[in-house]
Protein chains: 2
Amino acid sequence: MTYCLGIVTQAGLIMAADSRTNAGIDYISTYQKLFDFSLPGDRTIVICCSGNLSITQAVLSQLRRDLAGHSDINLHSLPTMYDLARYLGQKVRQLQESDRDWLKQDGIDFYCNFLLGGQIRGGPIELYLVYGQGNCIHATPETPYLQIGETKYGKPILDRTISFDTSLDMAAKCALMSLDSTMRSNLSVGPPLNLARYERDSLVAPMLVQFPAGHEYLVEMRRRWEISLKDAFMRLPDIDWSRQLMRSLSPVSESVPLDSSELN
Amino acid sequence: MTYCLGIVTQAGLIMAADSRTNAGIDYISTYQKLFDFSLPGDRTIVICCSGNLSITQAVLSQLRRDLAGHSDINLHSLPTMYDLARYLGQKVRQLQESDRDWLKQDGIDFYCNFLLGGQIRGGPIELYLVYGQGNCIHATPETPYLQIGETKYGKPILDRTISFDTSLDMAAKCALMSLDSTMRSNLSVGPPLNLARYERDSLVAPMLVQFPAGHEYLVEMRRRWEISLKDAFMRLPDIDWSRQLMRSLSPVSESVPLDSSELN
């Protein structure tokens, strides 16, 4: 499994990924999932991937091969982020076409997903999720983040804290905590954690940072976070059990229907 | 979908459940998932259920029929919580035997899971997860909570805050927030939320409370919680991007292998 996410805010872009790949619980490896394809001054491009490693590696190799001169259509030549997303989707489709039947006949997962975030000179900052079918969606101010891989454990923290107005430093900490929550609940997501930070309209290469397992910042962040959560619970008023809004059910009766006026 | 959880602590037992059932996104209904079968003075029994509604309703009906005199073997006659868990598992197996093939041939999910929590006079407080196969596991001081249904969104908050020493009031608030986080991220989990609270060795009926949609406590709890999370992020030190632990990847190169000494 893998967990990657991207966040677009008014101020810029944060992308983050774990580095764990597993083929069964007894075969766990480490592979980087976050890649910088920027051309400083002209465009900033960060790509994250999840899913079948042979397909995602092959797609990345194709992207690099085109950049190395194999094709005039590549990550540095196409004019918009949408074009890049469709181009990436086309690469995914080509790999699926060549490999999918072979994987399928042995029951091997062939799914894969990509996040593509960045900005091209003169265009807006954008974040795309490119599916294993080659189609794509993009983040919007109402839904400023996108996730791929093991997405559920890390979603509540984003839903409660991230908006389009969130600062980049805050968004980076939220992304890191979203990854940490996922790691803690699912062994198939693991360190090192890689983060990228890009300020809107700067068109420089993104700032990149890596947190290996046991990194002091991660350890301290987790410690402080857990204290903060417990404090927050302590400060919440206790539940008032005396109000007994729910009727106690007699064990031999049928369940008491709920008052439909209270539902929605 | 559904989300239910139980927490056993030194002080007692908390059980909690949502009330949403859906057959597709366009057919959403409300059914209670938390039931009190206590016999005050002798035993406290709370059952939560998730999964195929026709099976879980049928199992509950069988439990009630046995209690109403159909069988001497019932929730009020068996001597231990483990016996109750196996008895519940037996009911699940009987229903699976009669209905499973009919559901399977039309591709209908026949899975179901139950939580059974409580205490019988002279015995310990226990919490069981009874699977759709009829087998069961129980919570322990190391793993004091069990979940059924849509478990992922609400798990990180439990992992970070719940231990065997957590107070009952704190555990109840964590359970409610775990449900709220799940509701917020998954439309197939919804109000009203039902909670049960039982103090160890009291052998009284559990305290029960229901929170309908928009209940003032839920609204206020969510508002305060989100403020607390944002405050907690504000207080965490910002990420130090200057350390550049991750090498910036040249776009045309192969991925740089990570230093294996940093991994685990």
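Below, read A as the first sequence line, B as the second, and so on, with proteins coming before strands; counting in each chain starts at 1.
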Region of B:Leu176 in contact with chain A, defined by heavy-atom distances below 4.5 Å: side chain
Quick one: does A:Met170's side chain get under 4.5 Å of B:Met234's, heavy atoms only? yes
For B:Lys173 and A:Leu236, the nearest pair of non-hydrogen atoms, with its separation, is NZ-O, 2.7 Å
Do you know which of A:Pro237, A:Ser181, A:Gly190 has the most heavy-atom pairs with chain B at a distance under 4.5 angstrom? A:Pro237
What's the spacing between A:Trp225 CH2 and B:Arg235 CZ if we round to 0.5 Å? 9.5 Å
Grab the two heavy atoms, one from A:Trp241 and one from B:Ala172, that are nearest each other, plus how far apart they are. CZ2-CB, 3.7 Å
Within 6.0 Å of CD1 in B:Ile28, more than 12 heavy atoms from elsewhere: yes
A:Ile73, CD1: over 12 other non-hydrogen atoms inside 6.0 angstrom: no
Do A:Lys155 and B:Lys152 have side chains that approach each other closer than 4.5 Å (heavy atoms only, starting at C-beta)? no
Just verifying a value: how many Å separate B:Ile157 CD1 and A:Glu226 CD, rounded to the nearest 0.5 Å? 11.5 Å
For B:Arg197, is there an ion pair with A:Asp238 - N to carboxylate O distance below 4.0 angstrom? no
With a 3.5 Å distance limit and no angle check, can you tell me whether A:Arg184 reaches the backbone of B:Pro156 through a side-chain donor-acceptor pair? no
Based on non-hydrogen pairs under 4.5 Å, which of B:Gly154, B:Ser228, B:Ser185, B:Ala196 is most in contact with chain A? B:Ser185
Highest number of heavy-atom pairs under 4.5 Å with chain A: which of B:Thr161, B:Asn186, B:Asn74, B:Ile227? B:Thr161
Taking ring-ring contact (aromatic ring centres under 6.0 Å, His included) as the test, write out the residues that go with B:Tyr87, two or more places apart. none
Under 4.5 Å from any heavy atom of chain A, what part of B:Asp180 do you find: side chain, backbone, both or neither? both
The test is side chain to side chain contact (heavy atoms under 4.5 Å, CB included); show your working for B:Ile239 and A:Asp169 and say whether it passes. CA-CA 7 Å; B:Ile239 293 169; A:Asp169 283 330; over 6 Å; no
Just by distance, do the side chain of B:Arg160 and the backbone of A:Leu229 share a donor-acceptor pair under 3.5 Å? no
Interchain contact, A:Glu150 with chain B, by part (heavy-atom threshold 4.5 Å): side chain
Minimum heavy-atom distance B:Asp240-A:Val209, with the two atoms named: O-CG2, 4.1 Å
Those residues at least two apart in sequence (or on a different chain) that pass ring-ring contact (aromatic ring centres under 6.0 Å, His included) with B:Tyr217 are B:Phe211
